[in-house]
Amino acid sequence: MTQNATDTDARPGSTGRRTAARVIGGAIAAAAIGVASFGSISSAATGEEINASMTIIAPAAAGGGWDGVARELQQAQKANGLVNNVQVVNMPGAGGTIALGNVSALDGHPGNMLVGGTGLLAATIQFDSAATLDDVTPLAVIVEEYDVIVVPADSPYETLDDLVAAWREDPKSIPWTGGGSFDQLVVTDLALAAGIDPVDTTYISSDGGGEAIQALLNGTAKAATGGYPDNIDQIEAGRLRALALVAEEPIDGIDIPTAAEQGYDISLSNWRMLAAPAGLSDDDVDGLTQLVLDSVATPEWQDAIERYRWTERVITGDELDTFLKDEEQRIRNLYEEMGL
């Protein structure tokens, strides 16, 4: 990603500015989220049940991964009568942190859920955003998606070891690409596992998986990391060669060896989660968590998992808190290794 952080409220010593920003943000958040969310905010204010009205906020434009999660959840909730009125609002910008900032200002309004994940957590670190996941109420991780390491089909690198050997010999000679900041984190993780200084690595940021694939096919890049769903069609068509799947262990239905099996201990996954505003009662948090669990148990959601080639992984409660803390530290360490 090429955006730069412009919000300095999250920097040390800025507690007063950050508090003021959230007070101001609270007054404008409903307008920023849009007219579509008015019903859910109003219903929360009058004490109506969570199942009466819900706004699911995708912190990106329509058509991306976060939007897909939001709309599939909307369909699952509608089709099964889990929520009477459920709407999706897209709020792109700054890696998802604009939407996060607005949701963080909706304290006490349970009729809103924010889609997020690895990329959003990474963006809060990369952009030093005023709002972080500490300013909302994480409800659940629901799925994860794995990156795959690919090269053009005519590449001289037949295996991951072949690629790493050439990369190690001359790091600048292997230009990498990927569809966003998450993919760059995976490249950084691989560099560290291979004993290569990430600062010496050439990484060409692409605007999405499609652009990254084109960079490989036209020779701009020699290797790439990207989501398995984004690359599988090109792999099956014989245009790209898959060298490794970035996962802790082999995945049923994916006939690609993991990087760990080949001696490179990398397993950062692109997980997706849901969060709600802060300042909710325990009953509201329990109700929202149950709504998420009911939603992902529906046939419609299970069908979406197959279509998007997601891997189901549900994490809630104390386990979720521990997971998010560990992931934040892991991603922060990778950015430090990148010199950012």
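Heavy atoms only: backbone and side chains are in, while hydrogens, waters and symmetry mates are out.
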> Count I, L, V, M, F, W, Y as connected when their side-chain heavy atoms are under 4.5 Å apart, and connections chain through other members. Are I251 and V186 then in the same cluster?
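Unlinked, I251 and V186 end up in two clusters.
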> Would one find more than 12 heavy atoms of other residues, nucleotides or ligands at under 6.0 Å from atom CD of E248?
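Open.
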> Is the side chain of D147 donor-acceptor paired with the backbone N or O of V246 at a distance under 3.5 Å, no angle test?
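Answer holds: no.
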> What I want to check is whether the side chains of S129 and T124 have a donor and an acceptor closer together than 3.5 Å.
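Side-chain D/A pair, S129 to T124: absent.
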> How about I149 and L190: do any of their side-chain heavy atoms sit closer than 4.5 Å?
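They are in contact (side-chain heavy atoms under 4.5 Å apart), so the answer is yes.
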> Any luck finding a side-chain donor-acceptor pair between D161 and Y264 under 3.5 Å?
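Yes - a donor-acceptor pair under 3.5 Å links their side chains.
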> Tell me whether the count of non-hydrogen atoms from other residues, nucleotides or ligands lying under 6.0 Å of CG in D255 goes above 12.
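Check fails, neighbour count at 12 or below.
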> Write down the atom of P152, the atom of L240, and the distance for their closest heavy-atom approach.
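Minimum heavy-atom separation between P152 and L240: CA-CD2, 4.1 Å.
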> With side chains defined as the heavy atoms from C-beta onward, is the minimum distance between Q290 and L293 less than 4.5 Å?
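Answer yes - side chains close enough.
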> What is the minimum heavy-atom distance between N80 and P299, and which atoms define it?
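Minimum heavy-atom separation between N80 and P299: OD1-CD, 4.3 Å.
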> Passes side-chain hydrogen bond (donor to acceptor under 3.5 Å, both in side chains), E144 versus T311? Steps please.
CA-CA 5 Å; E144 59 186 357; T311 297; 5.9 Å; no
> Determine whether T258 and E261 satisfy the following criterion, side-chain hydrogen bond (donor to acceptor under 3.5 Å, both in side chains), listing intermediate values before the conclusion.
CA-CA 5 Å; T258 67; E261 289 178 294; 3.2 Å; yes
> Are I232 and Q234 side-chain neighbours, meaning at least one heavy-atom pair lies under 4.5 Å?
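Sidechains of Q234 and I232: no contact.
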> Restricting to non-hydrogen atoms, name the atom on G119 and the atom on N270 that form the minimum distance, rounded to 0.1 Å.
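Residues G119 and N270, closest heavy atoms: N-OD1, 4.3 Å.
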> With a 4.5 Å cut-off on side-chain heavy-atom distances among I, L, V, M, F, W and Y, is there a chain of contacts connecting Y203 to L334?
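Hydrophobic grouping puts Y203 with L334.
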> Report whether M113 and W301 are members of the same hydrophobic cluster (ILVMFWY, side-chain heavy atoms less than 4.5 Å apart, transitive linking).
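Cluster IDs for M113 and W301 match.
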> Should V143 and W66 be counted in the same cluster of Ile, Leu, Val, Met, Phe, Trp and Tyr side chains packed under 4.5 Å apart?
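Yes, V143 connects to W66 through the hydrophobic network.
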> Just jot down the salt bridge (charged side-chain N to carboxylate O under 4.0 Å, His left out) partners of R239, sequence neighbours excluded, or say none.
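So R239 forms no salt bridge (charged side-chain N to carboxylate O under 4.0 Å, His left out) with any residue.
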> Looking only at non-hydrogen atoms, find the nearest pair between P171 and D200 and report the distance.
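Smallest heavy-atom distance, with atoms named: CB-O, 3.6 Å.
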> Check whether R241 reaches the backbone of I235 with its side chain - one donor and one acceptor, N or O, closer than 3.5 Å.
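No, because the side chain of R241 does not come within donor-acceptor range (under 3.5 Å) of the backbone of I235.
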> Could you tell me which non-hydrogen atom of S269 sits nearest to which non-hydrogen atom of T118, and how far apart they are?
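In terms of heavy atoms, the two residues are closest at O-OG1, 2.9 Å.
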> For a 4.5 angstrom cut-off between non-hydrogen side-chain atoms, does N102 reach I57?
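N102 does not reach I57 side chain to side chain.
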> May I ask you to decide if R330's main-chain N or O and N333's side chain share a donor-acceptor pair within less than 3.5 Å?
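Such a contact is absent between N333 side chain and R330 backbone.
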> So do Q302 and E312 actually touch side chain to side chain, heavy atoms under 4.5 Å?
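A side-chain contact exists here, since the closest heavy-atom pair is under 4.5 Å.
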> Verify side-chain hydrogen bond (donor to acceptor under 3.5 Å, both in side chains) between D67 and N90, making sure each step is shown before the conclusion.
CA-CA 7 Å; D67 179 69; N90 293 91; 2.9 Å; yes
> What donor-acceptor contacts under 3.5 angstrom involve side-chain atoms of residues 319-328, with partners at least two apart or in another chain?
residue	atom	partner	partner atom	Å
T322	OG1	D318	O	3.3
E327	OE1	W271	NE1	2.8
E328	OE2	R332	NH2	3.0

> Counting only heavy atoms not in D170 (residues, nucleotides, ligands), do more than 12 fall under 6.0 Å from its CG?
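For D170, atom CG is crowded (more than 12 foreign heavy atoms under 6.0 Å).
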> Will you find, in the side chains of D283 and S281, an N or O donor that is under 3.5 Å from an N or O acceptor?
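S281 and D283 do not have a side-chain donor-acceptor pair below 3.5 Å.
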> Do the charged groups of R309 and E145 touch, with an N to O distance under 4.0 Å?
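Looking at E145 together with R309, the answer is no, because their closest N to O distance does not fall below 4.0 Å.
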> Check A223 against L216 and note the closest heavy-atom contact, atom names and distance.
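For A223 versus L216, the nearest heavy atoms are N-CD2, 3.5 Å.
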> Quick one, L274 and L73 - any side-chain contact, counting heavy atoms below 4.5 Å?
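Side-chain contact under 4.5 Å: yes.
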> Measuring only between side-chain heavy atoms, which start at C-beta, is L288 closer than 4.5 Å to L280?
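SC-SC contact between L288 and L280 confirmed.
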> Verify, without hydrogens or angle tests, whether D183 (side chain) and G179 (backbone) share a donor-acceptor contact under 3.5 angstrom.
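Side chain of D183 to backbone of G179, a donor-acceptor pair under 3.5 Å: yes, one is there.
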> Is the shortest side-chain heavy-atom distance between P198 and L192 below 4.5 Å?
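Heavy-atom side-chain distance check passes, below 4.5 Å.
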> With clusters defined by side-chain heavy atoms of hydrophobic residues (ILVMFWY) lying less than 4.5 Å apart, directly or transitively, does L340 cluster with V187?
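Yes; L340 is reachable from V187 via cluster members.
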> Could you tell me whether K78 and E300 make a salt bridge, using a distance below 4.0 angstrom between a side-chain N and a carboxylate O?
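No, this pair does not count.
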> Do E337 and T188 meet the criterion of a side-chain donor-acceptor pair at a distance under 3.5 Å?
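Judged by distance alone, the side chains do not pair up.
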> Does R71 use its side chain to pair, donor to acceptor, with the backbone of G63 at less than 3.5 Å?
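Not a single qualifying donor-acceptor pair exists.
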